[in-house]
Amino acid sequence: MSLVEYIQIWVIAFVTLSLFSFLYRDNPFYKLSEHIFAGLSAGYYFGLIWHAVILQQMIDPMFDNGKWWLFIPGILGVLMFSRFSRKYSWISRLSLAFVMGNTAGIFLLSELHGKVLPQMQSTMLSLGFENGLGSFLLALIVVVGVISTLTYFYFSKEHKGLLGGVARIGIWFIMISFGAHFGYTVMARISLLIGRVQFLYFDWIGSIINLFS
Amino acid sequence: MTILLVFAYILLILIGAFLLYMAFKTDDRRYIYAAVAFYVIFPVIVTLKLPITTSPEVKQLYDAVEALPDSSTVMLTFDYYPSTLAETEPMSHAALHHLFRKDCKVITMTTIPLGGPSIAERVTRKLAEEYNKVYGIDFVNLGYKANYVAVLKGMGTSIETIYPTDNSGTRLSEIPMMENIENYSDIDFIFVVADNSIVDYWISIVNAQYNNPVGTGVTAVMAPRYFAYISSGQMTGMLGGMKGAAEYETLLNKPAAANMGMTSQSLVHLFIIFSVIAGNIIFLTSKKGRDGKRT
Amino acid sequence: MAFSTGSGRLPFIFLILIILIMPVLSFAQADSGDTANSYFRIERINALVAMILFSVVILIYTRWAKAGKDLFIRKINGLDEVEEAVGRATEMGKPVLFVPGLQEIDEIETIAGISILGRVARITARYETPLLVPVRYPMVLAAGQEVVQQAYIEEGKADSYNKDIVRYVAGEQFAFTATVNGFMMRERPATNIYMGAFFAESLLLAETGNAAGSIQIAGTAQPAQLPFFIAACDYTLMGEELYAASAYLSREPLLLGGLKGQDWMKVLIIILILLGIILVSAEVSDWYLSMFESV
Amino acid sequence: MKTTVPVIAAFLSGFVMLLAFFFNPETSFLGRLEPEVLSWVTIVGGFTLLLGVVSIIRVNYSSVKRKSSGWGYKLATLVSIFAMAIPAIFPVRWSSLFGTGTGSIYDWLFNYIDSPMMSTMFAMLAFYIASAAFRAFRARNAEATLLLITATLVMLWRVPMGEALLQGIHGNLPNLINTYIMNGANMAVQRGIIIGAALGAAAMSLRIMLGIERTYMGK
């Protein structure tokens, strides 16, 4: 392993351990790491936008590809900075409206066409017995689950009588689903810790052992 | 050997119970932290080989990629933050192994501003060496562009208008691989590795409007939500969390980081189940003295 | 609001006009026979019908809500909990902590969080209970300050409003969480209210709030965080309940109209699904199912 | 003027998307207009990200200038911002340390400090979830109880050891969990939530496009 690799591994190990130190007690190391992290992330954004947007999406096409009109979105982008002045913040509305309006135009259709329609269609299941009890039971669970969940999130009538009953079934289904979600999420959190421990053990301690052998 | 194993397990359980007892006694949660650290570190040192069963969604994704004709074009997305590398990186590694093994042309891109492009560069270049793939001919990294909805929608008509150049600034017209690739219709499969709700837009915009098959590798936090898209056929297979990655690695017989982590997962999960039960027993027994809500 | 100003009506009329023209164009082109390179994508007519129906329903209800028509919304029982919890803080003279989520102002959940903040601020203004609102984005800071100041003025307590109630704490997710946790352990607020979009830090906040002995009420639409809030907080508003609560509280025509319109659509969706199930079970459903095919 | 022009801009910008959805891009002028409008949106979107960077610099610079409490840490943030941003701007031609490619200071700082920091911060959640599991996750009512029971079952099922345990109880139990809980009850609820949320998002989009919803503009 070259010297550079050693330095890299030890820098990561130092950073990892100083952040883990927070578990024992909040300390200056953790605070410092946190502030450095916030700074590096902001710096990363700056470098990224400088290259990915200003150079690659504007300067390069404008000067080498003849798309001279790309200065217009550039100006709209710069106008966004008027948000920092209380008096002129209204100037940024045009740029904001242009972006938000565009996203709204996409979502208005994609949410209906890409989510509501297909999800409705795939809930229209046959409740017949033709392919066995198992698939009937599953279809029943799905149909009752979807309808009772939609009913639970229905706000135009008090949840009383039949409506209340279906909403009650809805909350039971929702709790089962959230329970499943809880179980999955526990695994997600643990994996992240395992990732760090794998680094500390295999790479860092590995590099120490490698040093002496 | 089994006596040793049984003895190890008893020891593990005793340590867990002791630390839990101390946590309850002193109300100092650092005992629980110690238990978690122990249960994670111990199996990393002493790895137990555990059978990994394959779930249907993972098999569906594996089969879908396996069925792709060799040298077809696949878009692999790095839509994850550095915070979830432990779960998502094994997935993108396994995906690249699978795609490079099948000589697929790989286009990588990302919608994540913090680290997306750098992660994509690092992972693809490392694996490209292993399969001696050439940048610009076998794989290309488009990098990041802001406003993911516009990016996803824009690539439906013309990738080049959204990405005039690749991540390192080379114009797309100068990249041999991108010659006859204009938009989604020239891409055979989209493999999304993500840790956020961008997956919803890959499905509701790209799959619904451009009919590309979309397979995903998602963090365990996101997985339960996407069973809805699996069963409606909008999503072609899914890897759910580290277990999904481990299953995919096993199918590719390339066991790596995810497989190693499964023993630690098992132990910590059992410990958490035990502490939920213990916590609630204490809560319910002491509940007799106080009303349901904590006063 | 926009409806009264001239510009408000223009887009509405323009939208309806253009949408009506599309079907005319499609039928005109249908009988001209050349559907191959057709102008209008006939196969997406179901999306057009769905969008027109949806837009008309939402706009009608919004217009009714604006005209002050009495549109009934059931009281979300989470709101009694919020008022009771803020009352508890007033009795104990301890501060109320309100976190309007961790997303930008243009996210629906943040807007809902800010409108609930308005309600909470009116109560804290009335009883002069200390209130702290840490935020993560400059634009959320501006919107939050506006709403809180408005509440203090309406309660006739303009003098006891100060700019520091709503405070920009940090941009980064975990720097923000650590600072808020620090505040919780130092000030020991009697009530923590989390209303908006929350992610992995939801657990850190709820767990620290638990350790600080505060009553906690949460509301978010992020499905991955709801299980934790349900298990760790005293009361949780789930998903759309968050939007319904802000609509109920503010009676704001936009929210009210939107909610009622969506409720109407839910009834229609349930009826269409049930009809579909009957037809599918009777095996006469092909024509019906094709209506919902998204291409 | 301050409201009408943005409202019209929002409407037109959104309306192009509606047209592009219904009209075939190959056979109409939309084929060129749609991606062009979208590339403009990504450019303006990039600047909004810069907005966040500038506001962080402003907030930290003002507290350093005023020497407010903890200004040392704020100085560290400022130094880190420029340590990352300045080398990234210089062209890579001058030296491979510049620019954002592999081998640059930018890439090095990200891969070896920024990224591990973020991974470690998230890794700490494992500890918090365990302590929360013991201290905060209470079966305080019937619903929370059902949630915790299902959670325990799914947690067992998700790990090899647990799965082996379940198979011990009944050979087919793991598959039953996958079919009837994950692909059954959970899938149905997720579908209900997706439909509800989609209606909400579509309603919000309609209001934004028609200039009725304007809070994002800070009206």
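In the text below, chain A, chain B and the rest are named by the order of the sequence lines, each starting its count at 1.
Using a 4.5 Å cut-off between heavy atoms, C:Q262 does not touch chain A at all. If you measure heavy-atom distances from C:Y288 to chain A, the contacts under 4.5 Å come from the side chain alone. The contact between A:L127 and chain C is made by backbone and side chain atoms together, counting heavy-atom distances below 4.5 Å. Proximity to chain C is absent for every atom of A:K31, based on heavy atoms less than 4.5 angstrom apart. Of the atoms belonging to C:I230, it is side-chain heavy atoms, and not backbone ones, that fall under 4.5 Å from chain A. Proximity to chain A (any heavy atom under 4.5 Å) is restricted, for C:A231, to the side chain, taken from C-beta onward. The contact between A:L112 and chain C is made entirely by side chain atoms (from C-beta outward), counting heavy-atom distances below 4.5 Å. Of the atoms belonging to A:F84, not a single heavy atom falls under 4.5 Å from chain C. Contact annotation for C:M139: only side-chain heavy atoms (C-beta onward) come within less than 4.5 Å of a heavy atom of chain A. Contact of C:L272 with chain A is made through backbone and side chain together, with heavy-atom distances under 4.5 Å. With a 4.5 Å cut-off on non-hydrogen atoms, A:H35 does not touch chain C at all. For a residue to count as touching a neighbouring chain, one of its non-hydrogen atoms must lie under 4.5 Å from one of that chain's; by this rule C:I278 does not touch chain A. With a 4.5 Å cut-off on non-hydrogen atoms, C:I73 touches chain A through its backbone and its side chain both.
A 4.5 Å side-chain heavy-atom check between A:H181 and C:L226 finds every atom pair outside the cut-off. Between A:V116 and C:F54, the closest side-chain pair of non-hydrogen atoms is not below 4.5 Å. The shortest side-chain heavy-atom distance between A:V143 and C:I277 falls under the 4.5 Å cut-off.
Rounding to the nearest 0.5 Å places OG1 of A:T123 at 11.0 Å from CD1 of C:I270. Rounding to the nearest 0.5 angstrom, the gap separating the CZ atom in C:F229 from the CZ atom in A:F178 is 12.0 Å. Atom OG in A:S126 sits 11.5 Å away from atom CG in C:L279 (nearest 0.5 Å). Once rounded to the nearest 0.5 Å, the distance linking CG of A:L150 with CD1 of C:I273 reads 6.5 Å. Interatomic distance, CZ of C:R44 versus CG of A:L117, reported as 11.5 Å (0.5 Å rounding). Taken to the nearest 0.5 Å, the CG atom of A:L125 stands 8.5 Å off from the OG atom of C:S281.
Taking A:R189, A:H159, A:E130 one by one and counting their heavy-atom pairs under 4.5 Å with chain C, the maximum is reached by A:H159. When each of C:A142, C:A247, C:G276, C:G182 is scored by its heavy-atom pairs under 4.5 Å with chain A, the top score falls to C:G276. Contact tally against chain A (heavy-atom pairs below 4.5 Å) for C:S285, C:S294, C:A50, C:G239: the top residue is C:S294.
Evaluation of the side-chain contact (heavy atoms from CB on, under 4.5 Å) rule for A:Q8 yields A:V4, A:E5, D:W108, D:Y112 as partners, not counting sequence neighbours. Annotation: salt bridge (charged side-chain N to carboxylate O under 4.0 Å, His left out) contacts of C:K266 (sequence neighbours excluded): C:E240, C:D263. Every salt bridge (charged side-chain N to carboxylate O under 4.0 Å, His left out) that A:K115 has, sequence neighbours left out, goes to A:E111, B:D200.
At distances below 3.5 Å, at least one donor-acceptor pair connects side-chain atoms of A:H113 with backbone N or O atoms of C:V295. Side chain of C:R74 to backbone of A:Y154: a donor-acceptor contact under 3.5 angstrom is found.
Smallest separation of non-hydrogen atoms from A:S156 and C:F72: O-CD2, 3.2 Å.
Within a 6.0 Å sphere centred on NZ of A:K157, heavy atoms belonging to other residues, nucleotides or ligands number 12 at most. Annotation: A:Y6, atom OH; neighbour count of heavy atoms from other residues, nucleotides and ligands within 6.0 Å is above 12.
Contact residues of residues 162-171 of chain A toward chain C are A:I171 (heavy-atom distance under 4.5 Å).
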